[in-house]
Amino acid sequence: MRKNFWIVKGNPSYPIPGADNRSGDIEGFLRAFNWSDWITYRRIRDDFKPKDRVFFWSSGKIRAIVGLATVRKVHKDKQHFDLNHISEDILPRANQLGIEEIKNVFRRHFSPSRYDKVTYIKPCVVATIYPVADEEAHILLRLLLDKNPKNSHLAEWFQATPSISQPSHSL
């Protein structure tokens, strides 16, 4: 079964799903708990399924990919879902992949019309779950691996992404 890639955004200035009265420190939360439950006000897509791979995105001041997870369960109401945290892979602050770095690489790699389709890098789009196309996942994983070369989950996930044509310039 093919595994999809997703970004799940959370704003640490608001309560963190699955934790009573806990807000502000998404990295600490991801380290402390091995799973969490989430709610979204938009219907969850049918292709969001257990064992899919998730990048945790802190949409507060950090605005970066801060950790990894897998989809644990999608509830029947299609608005609740659970994630298994890969807690040992919470990315150190210096090794997180920030929004500006992602935008710069995507701008160089994608045509303007293709770049405009990457909704999770746009500040005006408000959602919890964002699909990550194979080529985007491949690039994000390559960038994260460059910053975190000893991270075995990133290496495994990178190997699982379909091969993409390399641009004429480096990432």
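Numbers for residues simply follow the sequence, beginning at 1.
- Taking a cutoff of 4.0 Å between a charged side-chain nitrogen and a carboxylate oxygen, K117 and E136 do not qualify as a salt bridge.
- Rounding to the nearest 0.5 Å places CD1 of I65 at 11.5 Å from OG of S58.
- In this structure, CD1 on I102 lies 6.0 Å from CD1 on I7, to the nearest 0.5 angstrom.
- Ring orientation note: the planes of F48 and F81 are nearly perpendicular, at an angle over 60° on the 30°/60° scale.
- Using a 4.0 Å cut-off between charged nitrogen and carboxylate oxygen, R63 and E101 do not count as a salt-bridge pair.
- Residues W57 and V66 form no side-chain contact, since every pair of their non-hydrogen atoms from C-beta on lies 4.5 Å or further apart.
- The CD1 atom of I99 lies 9.0 Å from the CZ atom of F106; values are rounded to the nearest 0.5 Å.
- The side-chain heavy atoms of L83 and W6, taken from C-beta on, include no pair separated by under 4.5 Å.
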Working note: L68 + F55, criterion side-chain contact (heavy atoms from CB on, under 4.5 Å); need CA distance, chi angles, decisive distance, verdict.
CA-CA 5 Å; L68 308 174; F55 299 102; 4.0 Å; yes

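- Of the possible donor and acceptor atoms, one in the side chain of K9 sits under 3.5 Å from a partner among the backbone N and O of Y120.
- A distance of 6.0 Å separates CD in E135 from CZ in R114, rounded to the nearest 0.5 Å.
- Atom NE2 of H80 and atom OG1 of T40 lie 10.0 Å apart (nearest 0.5 Å).
- Across all non-hydrogen atoms, the minimal contact from N148 to P92 is OD1-CD, 3.9 Å.
- Taking the six-membered ring for Trp and thresholds of 30 and 60 degrees, W38 and F56 have ring planes inclined between 30 and 60 degrees apart.
- Taking the side chain as every heavy atom from C-beta outward, L141 and L154 approach each other to under 4.5 Å.
- The shortest distance between side-chain heavy atoms of N151 and N95 does not fall below 4.5 Å.
- Considering only heavy atoms from C-beta on, I121 stays 4.5 Å or farther from Y130 through its side chain.
- Among residues at least two apart or in separate chains, there is no side chain to side chain donor-acceptor pair (under 3.5 Å) pair with a member in residues 65-74.
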Stepwise side-chain contact (heavy atoms from CB on, under 4.5 Å) check, Y115 with K103 = CA-CA 9 Å; Y115 176 82; K103 285 180 176 183; 3.5 Å; yes

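- Closest non-hydrogen pair, G98 versus A64, comes out as CA-CB, 3.8 Å.
- Within 6.0 Å of the NZ atom in K78, the count of heavy atoms belonging to other residues, nucleotides or ligands exceeds 12.
- A 4.5 Å side-chain heavy-atom check between D37 and D82 finds at least one atom pair inside the cut-off.
- Contact of the R93 side chain with the Q96 side chain is registered, since non-hydrogen atoms from C-beta on lie closer than 4.5 Å.
- Q79 places no side-chain N or O within 3.5 Å of a backbone atom of I39 that could act as its donor or acceptor partner.
- Using a 4.5 Å heavy-atom threshold, the side chains of K122 and D116 count as touching.
- Interatomic distance, Q159 CD to H138 NE2, rounded to the nearest 0.5 Å: 8.5 Å.
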